[in-house]
**Q** 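Quick one: this structure, given as structure tokens, is what I'll be asking you about.
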Amino acid sequence: MNIVAEVLVGLVAVLHLYFLVLEMFLWTAPRTRAAFGTTAEFATASKALAANQGLYNGFLAAGLVYGLVASNVAFEVFFLICVIVAGLYGAATANRRILLVQALPGALALAAVLAAR
């Protein structure tokens, strides 16, 4: 079960690195705009806000990676809870799809980490 937990935590970290790239570097690209359902005008106007959000996603990924590398379950649990809370908030305030894209993977990883203890 420990391997499953580590793989899931790693996948959540990679997912958040992907969010970082989308939000910090590809926010105004046509495919990113299509994925987030934004117009070119909105993407341009919100580029700084998206980059800030991407940076936070990078911090989440960094915490998860540190937890994996250091075998620090407390770090993994803390950052997975952060991922879940961010996903729940995003689903409630921005787009319900965030529940499936962010909160669900975080919850599955958290369940696996706790089950592996």
Side-chain angles (χ1 to χ4, degrees):
M1 188 67 167
N2 194 37
I3 292 173
V4 171
E6 289 180 2
V7 168
L8 289 176
V9 171
L11 288 174
V12 173
V14 168
L15 186 61
H16 283 272
L17 286 174
Y18 178 63
F19 296 156
L20 175 146
V21 171
L22 288 178
E23 294 167 348
M24 291 190 80
F25 305 112
L26 302 175
W27 185 246
T28 58
R31 291 185 71 167
T32 304
R33 290 194 336 261
F36 285 92
T38 60
T39 64
E41 296 78 23
F42 178 82
T44 300
S46 62
K47 190 172 182 177
L49 292 173
N52 185 277
Q53 188 169 301
L55 185 63
Y56 284 101
N57 278 305
F59 291 143
L60 291 173
L64 293 170
V65 169
Y66 174 80
L68 284 172
V69 171
S71 296
N72 189 324
V73 174
F75 255 73
E76 292 174 11
V77 168
F78 174 78
F79 280 96
L80 287 169
I81 290 171
C82 290
V83 165
I84 295 164
V85 170
L88 292 172
Y89 185 80
T93 60
N95 187 325
R96 292 182 62 122
R97 186 174 53 152
I98 296 171
L99 193 62
L100 296 176
V101 175
Q102 184 175 4
L104 180 60
L108 292 174
L110 179 61
V113 166
L114 294 175
R117 292 190 91 206

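Keep in mind it's a predicted model, so treat the numbers as computed, not measured.
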**Q** Check Leu55 against Met24 and note the closest heavy-atom contact, atom names and distance.
**A** N-SD, 3.7 Å
**Q** Looking at every heavy atom in both Val83 and Gly106, which two are closest together, and how far apart are they?
**A**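 Answer, listing the atom of Val83 first, then Gly106: CG1-CA, 4.1 Å.
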**Q** Start with the C-alpha gap between Phe19 and Leu60, add the side-chain angles, then the distance that decides, and say whether side chain to side chain contact (heavy atoms under 4.5 Å, CB included) holds.
**A** CA-CA 11 Å; Phe19 296 156; Leu60 291 173; over 6 Å; no
**Q** Which residues pass the ring-ring contact (aromatic ring centres under 6.0 Å, His included) test with Phe36, not counting sequence neighbours?
**A** Trp27
**Q** Under a 3.5 Å distance rule, please check whether Thr44 uses its side chain to pair with a backbone N or O of Ala40 as donor and acceptor.
**A**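 Present.
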**Q** Give a yes or no answer on whether the side chain of Asn52 reaches the backbone of Ala48 with a donor-acceptor pair at less than 3.5 Å.
**A**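 No, because the side chain of Asn52 does not come within donor-acceptor range (under 3.5 Å) of the backbone of Ala48.
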**Q** Give a yes or no on whether Leu15 and Val9 share a hydrophobic cluster (residues Ile, Leu, Val, Met, Phe, Trp, Tyr; joining criterion: side-chain heavy atoms under 4.5 Å apart).
**A**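 Different clusters: Leu15 never reaches Val9 through Ile, Leu, Val, Met, Phe, Trp or Tyr contacts under 4.5 Å.
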**Q** Going hydrophobic residue to hydrophobic residue with side-chain gaps under 4.5 angstrom, can you get from Leu64 over to Phe59?
**A**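 In one cluster: no.
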**Q** Please test Leu17 against Val21 for side chain to side chain contact (heavy atoms under 4.5 Å, CB included), starting from the C-alpha separation and ending with a verdict.
**A** CA-CA 6 Å; Leu17 286 174; Val21 171; 5.8 Å; no
**Q** If every non-hydrogen atom of Ala43 is compared with every non-hydrogen atom of Thr38, which pair is closest and at what distance?
**A**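 Shortest heavy-atom contact: CB-OG1, 4.2 Å.
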**Q** How far apart are the C-alpha atoms of Gln53 and Asn57, what are their side-chain angles, what is the distance that settles it, and do they pass the side chain to side chain contact (heavy atoms under 4.5 Å, CB included) test?
**A** CA-CA 6 Å; Gln53 188 169 301; Asn57 278 305; 4.3 Å; yes
**Q** What are the two closest heavy atoms between Ala61 and His16, and how far apart are they?
**A** CB-CB, 4.0 Å
**Q** What's the spacing between Glu6 CD and Ser71 OG if we round to 0.5 Å?
**A** 6.5 Å
**Q** What pair of heavy atoms forms the shortest contact from Leu100 to Pro105, and how long is it?
**A** O-CD, 3.2 Å
**Q** Count I, L, V, M, F, W, Y as connected when their side-chain heavy atoms are under 4.5 Å apart, and connections chain through other members. Are Ile98 and Leu108 then in the same cluster?
**A** no
**Q** Looking only at non-hydrogen atoms, find the nearest pair between Leu88 and Ala103 and report the distance.
**A** N-CB, 4.1 Å
**Q** Side-chain heavy atoms nearer than 4.5 Å, only ILVMFWY residues, links allowed to pass through others: does that put Val7 and Val77 together?
**A**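 In one cluster with Val7: Val77, no.
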**Q** State which residue, out of Val65, Ile81, Leu68, fulfils the side chain to side chain contact (heavy atoms under 4.5 Å, CB included) condition with Glu76.
**A**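 The side chain to side chain contact (heavy atoms under 4.5 Å, CB included) with Glu76 is passed solely by Leu68 among Val65, Ile81, Leu68.
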**Q** Could you tell me whether a side-chain N or O of Thr39 sits under 3.5 Å from a main-chain N or O of Phe42, the two making a donor and an acceptor?
**A**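 Yes, because the side chain of Thr39 sits within donor-acceptor range (under 3.5 Å) of the backbone of Phe42.
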**Q** Could I get the full list of ring-ring contact (aromatic ring centres under 6.0 Å, His included) partners for Tyr66, not counting sequence neighbours?
**A** Phe75
**Q** When you group the ILVMFWY residues by side-chain heavy-atom contacts below 4.5 Å and let the links chain together, are Leu110 and Val12 in the same group?
**A** yes
